[in-house]
Amino acid sequence: MIQTMWSKFTARDFSTQQYVNFTHRSSADEAIIIVHGITAELDHQREFASSCTRNADVFLPILRGYVQNRGDIGYIGQFDDDLFDFIHFIEAKGYEKITLIGHSMGCANILRLIRKNPLLADEYIFVAPFFHPRLPVYHEDATEQPEPRTDVDYTVYDKKVFFLMILHKMNIHRFNQHTVAEIPDEFHHSGRLHLSFRLLVSRFLEHIPSTIFEGIENRISIYVGEKDEIIQHEQLRDWVKEKWGHEVQFIKGTDHNHILHHPDLHEAIS
């Protein structure tokens, strides 16, 4: 039976950050680290860990700003530093293999890490990837919840993001803490969490290189559900093929979040 344990690690700025450890094996030789999307989706991550057939412990770092700091971070790029610190913290436990799994927007965070250190992990798995909001592979009505079972629920203020990005490129940063998105708050009674500009832009590369997987192609796998309500799966397949020359595998009968614990996904990654 899986155990869910909340724990803490110390980041380079000496702050205490939280993570969840899903453990159901006593002698795992692999650590799977999941980078969550715009929402943490803790229930789906727990079901992922329960469905996982690998001899692995599963770790979910809760990104800064989701529990502490209430929707903000200290500077643009702080997620990169936090995730590097967390990965090294897990490596120090002695695992033989480190696997990074990105879900949704978490895949964009992993692209940022790969750009800086492509050999950071032994394997990279991208699940329902939201690589960048400007890619022509997403449904325009993604947040309108077209099906009753869909649990996608967030709002991004696109015009405000665009305006603040212009200021950012002009080296004007005094508005970086302003709210540009609103999401469900899984960790506070308020119910809604307001995300700052510097938090949101710290999740994406401004430009995605076509060579980002060069030399690590055999470490990469990409999966999307055929019923994904955010991603147009065929357009994603075509974009990935053209951009990186890589394949996208479709998981039938599942959507953006439920793919995390779909048996076909776990058979594919086992």
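FYI, side chains are in, hydrogens and waters are out, and symmetry mates aren't considered; it's all heavy atoms of this structure.
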J.: Side chains of Asp228 and His256: is there a donor and an acceptor less than 3.5 Å apart?
T.: yes

J.: Looking at Phe130 versus Tyr138, is the centre-to-centre ring distance below 6.0 Å?
T.: yes

J.: Is there a donor-acceptor contact under 3.5 Å from the side chain of Arg203 to the main chain of Gly37?
T.: yes

J.: Tell me, which pairs form a side chain to side chain donor-acceptor pair (under 3.5 Å) where one or both residues lie in residues 81-98, sequence neighbours left out?
T.: Arg12-Asp81, Arg12-Asp85, Asp57-Tyr95, Arg64-Asp82, Tyr75-Asp81, His88-Glu91, Lys97-Glu123

J.: Would you please indicate yes or no on a ring centroid separation below 6.0 angstrom for Phe86 and Phe9?
T.: yes

J.: Any non-hydrogen side-chain atom of Ile251 less than 4.5 Å from a side-chain atom of Glu226?
T.: no

J.: For the residue pair His178 and Asn176, confirm or rule out a side-chain donor-acceptor distance under 3.5 Å.
T.: no

J.: Judged by modelled atom types alone, do His261 and His44 share a side-chain donor-acceptor pair under 3.5 Å?
T.: yes

J.: Of all heavy-atom pairs between Trp244 and Phe213, which one has the smallest distance, and what is that distance?
T.: CE3-CE1, 3.3 Å

J.: Any donor-acceptor pair under 3.5 Å linking the side chain of Tyr66 with the backbone of Ile38?
T.: yes

J.: Please examine the side chains of Val180 and Val156, heavy atoms only from C-beta on, and report whether any two atoms are closer than 4.5 Å.
T.: no

J.: Working to the nearest 0.5 Å, report the span between CG of Leu100 and CD1 of Ile114.
T.: 7.5 Å

J.: Give the intermediate values and the outcome of salt bridge (charged side-chain N to carboxylate O under 4.0 Å, His left out) for residues Arg112 and Glu206.
T.: CA-CA 10 Å; Arg112 291 178 62 98; Glu206 186 174 350; over 6 Å; no

J.: Is there a donor in the side chain of Gln249 and an acceptor in the side chain of Ser221, or the other way round, less than 3.5 Å apart?
T.: no

J.: Any side-chain heavy-atom pair from Phe59 and Ile32 closer than 4.5 angstrom?
T.: no

J.: Would you say the rings of Phe126 and Phe131 are close, in the sense that their centroids are separated by under 6.0 Å?
T.: yes

J.: Just by distance, do the side chain of Ser196 and the backbone of Gln177 share a donor-acceptor pair under 3.5 Å?
T.: no

J.: Please check this pair: side chain of Glu186 against backbone of Glu41, looking for a donor-acceptor N/O pair closer than 3.5 Å.
T.: yes

J.: Assess, by modelled atom type and distance only, whether the side chains of Tyr157 and Glu182 contain a donor and an acceptor separated by less than 3.5 Å.
T.: yes

J.: Would you say that Lys227 contacts His233 through its side chain, given a criterion of any heavy-atom pair below 4.5 Å between the two side chains?
T.: no

